[in-house]
Protein chains: 2
Amino acid sequence: MSKNEHDKLSKAKQLQSTELSAILGRLDKKGARRLMERVDTSLIALRRILRATEMFGRDLAKAAGLTPAQFRVLQVISEKGWSTPKAIAQRMGVSQATMTALIDKLERKGMVTRQRSERDRRQTDIVITELGASAIDEAPDALQQIFVRRFEALEDWEQAQIIASLERVASMLDAHDIDAAPVLDWGDISGKPN
Amino acid sequence: MSKNEHDKLSKAKQLQSTELSAILGRLDKKGARRLMERVDTSLIALRRILRATEMFGRDLAKAAGLTPAQFRVLQVISEKGWSTPKAIAQRMGVSQATMTALIDKLERKGMVTRQRSERDRRQTDIVITELGASAIDEAPDALQQIFVRRFEALEDWEQAQIIASLERVASMLDAHDIDAAPVLDWGDISGKPN
DNA sequence: TCGTTTGCTTCGGTAGCCTAAGTAGTTCAT
DNA sequence: ATGAACTACTTAGGCTACCGAAGCAAACGA
């Protein structure tokens with residue numbers, strides 16, 4: 001164990017200090033300090049949420065006899081009852097190759113079936129089976145259950161506030177497509193020739 | 001339990017309907033309706049947050065020349081400059097074996113070094129190197145940057161509200177240990193003989 | 001009709017993760 | 001102080017997830 005190494009407390013703070021330096025220039029000491037603390041606090045809370053979700057994902061999947069990834073695929077399919085490999089892959093942000101493998105496994109477990117599309121015979125429709133549907137229905141979505149239960153217990157004003165905040169944060173984060181990775185959700189907007 | 005109805009939008013709705021039925025019984029029509037909408041909205045926002053984070057995690061790690069998991073390990077170590085495999089494993093919710101493998105890779109890349117602890121020679125201190133520290137510093141933590149930037153732009157009261165809400169949600173979710181997996185964070189509370 | 005594009009699969013390879021079984025080092029009761 | 005029990009870590013073997021490249025068939029375009 002080394003002594004000089006831990007002369008810095010929170011790395012989190014350092015991480016942001018670079019970030020914040022520009023901002024801080026424009027604020028008085030007190031304001032700067034408060035902002036920093038707040039960002040810290042928020043990020044920590046966010047990490048807790050992320051972590052909790054990740055952990056739950058595992059038990060959930062385990063309980064349903066599926067892996068987390070397989071379960072997510074099944075969830076997506078179950079929205080409409082069917083889908084195509086490409087659509088699911090895009091939605092989950094993985095390659096088609098990966099999707100093929102995941103579907104293989106779900107098919108082997110009898111959760112979905114593949115059938116060539118009538119519309120376009122290059123496509124394959126992935127259709128959820130009875131078994132698959134019930135797997136989804138019966139999956140004890142612990143995270144959701146607990147969240148729902150506790151959310152229900154909150155005061156009215158608090159529920160409203162949480163919603164507003166979550167949506168705020170969500171939009172702060174996922175609007176990144178716009179300024180960081182514009183080429184992500186095109187799809188089929190206009191009949192672009194090129 | 002309703003299943004394949006809407007061909008669009010929230011899976012969330014379906015998942016919860018089962019969940020909510022019990023709760024709804026105790027509420028008047030209007031209240032029930034509002035609660036449902038609110039839970040939906042919250043869960044959707046939560047998923048957006050989760051998804052955004054996941055995606056960012058990948059680019060981030062890719063940009064730093066590390067995989068997401070490796071990057072997270074490095075982050076944890078960098079908080080204090082050093083740590084032990086066990087501590088990191090616990091914190092990240094993975095097994096020690098997995099941790100060993102991750103550390104192996106970071107060590108091979110020269111990001112951290114292993115050194116036997118003086119305190120207790122069963123332990124190994126994982127110490128971050130210059131290289132590792134700079135990898136963290138220079139990592140374009142897009143998620144964080146964007147979040148920080150936008151957070152800063154908010155009104156004071158709104159920042160405060162978001163913090164309160166995030167912490168609320170975090171505690172609603174990660175307090176699950178208590179009622180779902182009590183055997184997770186024991187640690188060393190009392191000198192339990194058995 | 002031929003060349004290109006599209007949707008999917010196959011192949012080979014990397015990473016993350018786990019459990020079980022080791023190997024040192026520590027504690028503690030006898 | 002010696003051996004059993006425990007602890008921190010590593011090794012070994014085995015899954016799943018994921019990717020890029022290459023292959024194939026259907027669809028499309030001119």
Side-chain angles (χ1 to χ4, degrees), chain A residues 1 54-55 57-59 61-62 64-74 82-109 111-126 186-188 191-194, chain B residues 54-55 57-59 61-62 64-74 76 82-109 111-126 186-188 191-194:
Chain A
M1 66 167 175
E54 201 183 303
M55 303 286 246
R58 288 189 209 166
D59 322 346
K62 206 165 289 179
L66 297 169
T67 65
Q70 288 166 17
F71 191 79
R72 268 181 293 147
V73 171
L74 204 51
W82 66 276
S83 190
T84 64
K86 169 138 201 175
I88 309 170
Q90 272 181 192
R91 170 123 175 223
M92 288 182 47
V94 302
S95 71
Q96 284 196 58
T98 302
M99 208 54 237
T100 295
L102 287 172
I103 291 170
D104 282 351
K105 299 206 178 111
L106 287 174
E107 191 177 30
R108 238 177 287 124
K109 290 178 208 255
M111 302 288 195
V112 303
T113 57
R114 268 184 241 248
Q115 42 196 72
R116 220 188 191 72
S117 168
E118 296 299 320
R119 318 178 292 293
D120 178 338
R121 277 169 30 229
R122 286 170 304 182
Q123 289 188 305
T124 306
D125 288 338
I126 311 301
W186 24 274
D188 46 18
K192 277 292 205 53
N194 264 13
Chain B
E54 199 184 304
M55 304 286 245
R58 288 191 209 167
D59 322 347
K62 206 166 289 180
L66 297 169
T67 64
Q70 288 166 18
F71 191 80
R72 268 182 294 148
V73 171
L74 203 52
V76 170
W82 67 276
S83 190
T84 62
K86 169 139 201 173
I88 309 169
Q90 270 181 193
R91 172 125 173 221
M92 287 182 49
V94 301
S95 71
Q96 282 195 54
T98 302
M99 207 54 237
T100 294
L102 287 171
I103 291 170
D104 281 350
K105 298 204 180 113
L106 287 173
E107 192 177 28
R108 239 178 286 123
K109 290 178 208 254
M111 302 287 196
V112 302
T113 57
R114 267 184 241 250
Q115 42 196 70
R116 222 190 191 69
S117 167
E118 296 300 319
R119 320 181 288 292
D120 179 338
R121 278 168 31 229
R122 285 170 305 181
Q123 290 187 304
T124 305
D125 289 337
I126 310 300
W186 25 275
D188 45 21
K192 277 290 203 57
N194 274 13

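The structure presented is a predicted model; accordingly, all values stated were derived computationally and were not measured. Chain A is the first sequence line, chain B the second, and so forth, proteins listed ahead of strands; every chain is numbered from 1.
The CD atom of B/Gln70 sits 15 Å away from the C1' atom of D/dA17 (whole-angstrom rounding). Atom C1' of nucleotide D/dA17 and atom CG of A/Leu74 are separated by 17 Å, given to the nearest angstrom. Between B/Gln90 atom CD and D/dT7 atom C1' there is a gap of 12 Å when expressed in whole angstrom units. Between B/Arg91 atom CZ and D/dA8 atom P the separation is 18 Å, expressed in whole Å. Atom P of nucleotide D/dC15 and atom CG of A/Leu66 are separated by 18 Å, given to the nearest angstrom.
Under the rule for a side chain to side chain donor-acceptor pair (under 3.5 Å), the partners of A/Ser117 that lie at least two apart in sequence or sit in another chain are A/Arg119. Residues satisfying the side chain to side chain donor-acceptor pair (under 3.5 Å) test with A/Arg122, not counting sequence neighbours, are A/Asp120. With sequence neighbours left out, the side chain to side chain donor-acceptor pair (under 3.5 Å) criterion links B/Thr100 to no other residue. Shown here are the salt bridge (Lys or Arg N to Asp or Glu O under 4.0 Å) partners of A/Arg121, two or more places apart in sequence or in another chain: there are none. Judged as a side chain to side chain donor-acceptor pair (under 3.5 Å), and not counting sequence neighbours, the contacts of B/Ser95 are B/Thr98. For B/Ala101, there are no side chain to side chain contact (heavy atoms under 4.5 Å, CB included) partners, not counting sequence neighbours.
Remark: A/Met111 CE to A/Ile103 CD1 distance equals 14.5 Å, nearest 0.5 Å. Put simply, CD on A/Glu107 and CD1 on A/Ile126 are 7.0 Å apart, with the number rounded to the nearest 0.5 Å.
Taken residue by residue, residues 113-123 of chain A places heavy atoms nearer than 4.0 Å to DNA chain C at A/Arg114, A/Arg122, A/Gln123. Contacts with DNA chain C (heavy atom under 4.0 Å) in residues 94-108 of chain A: A/Gln96, A/Ala97, A/Thr100, listed by number.
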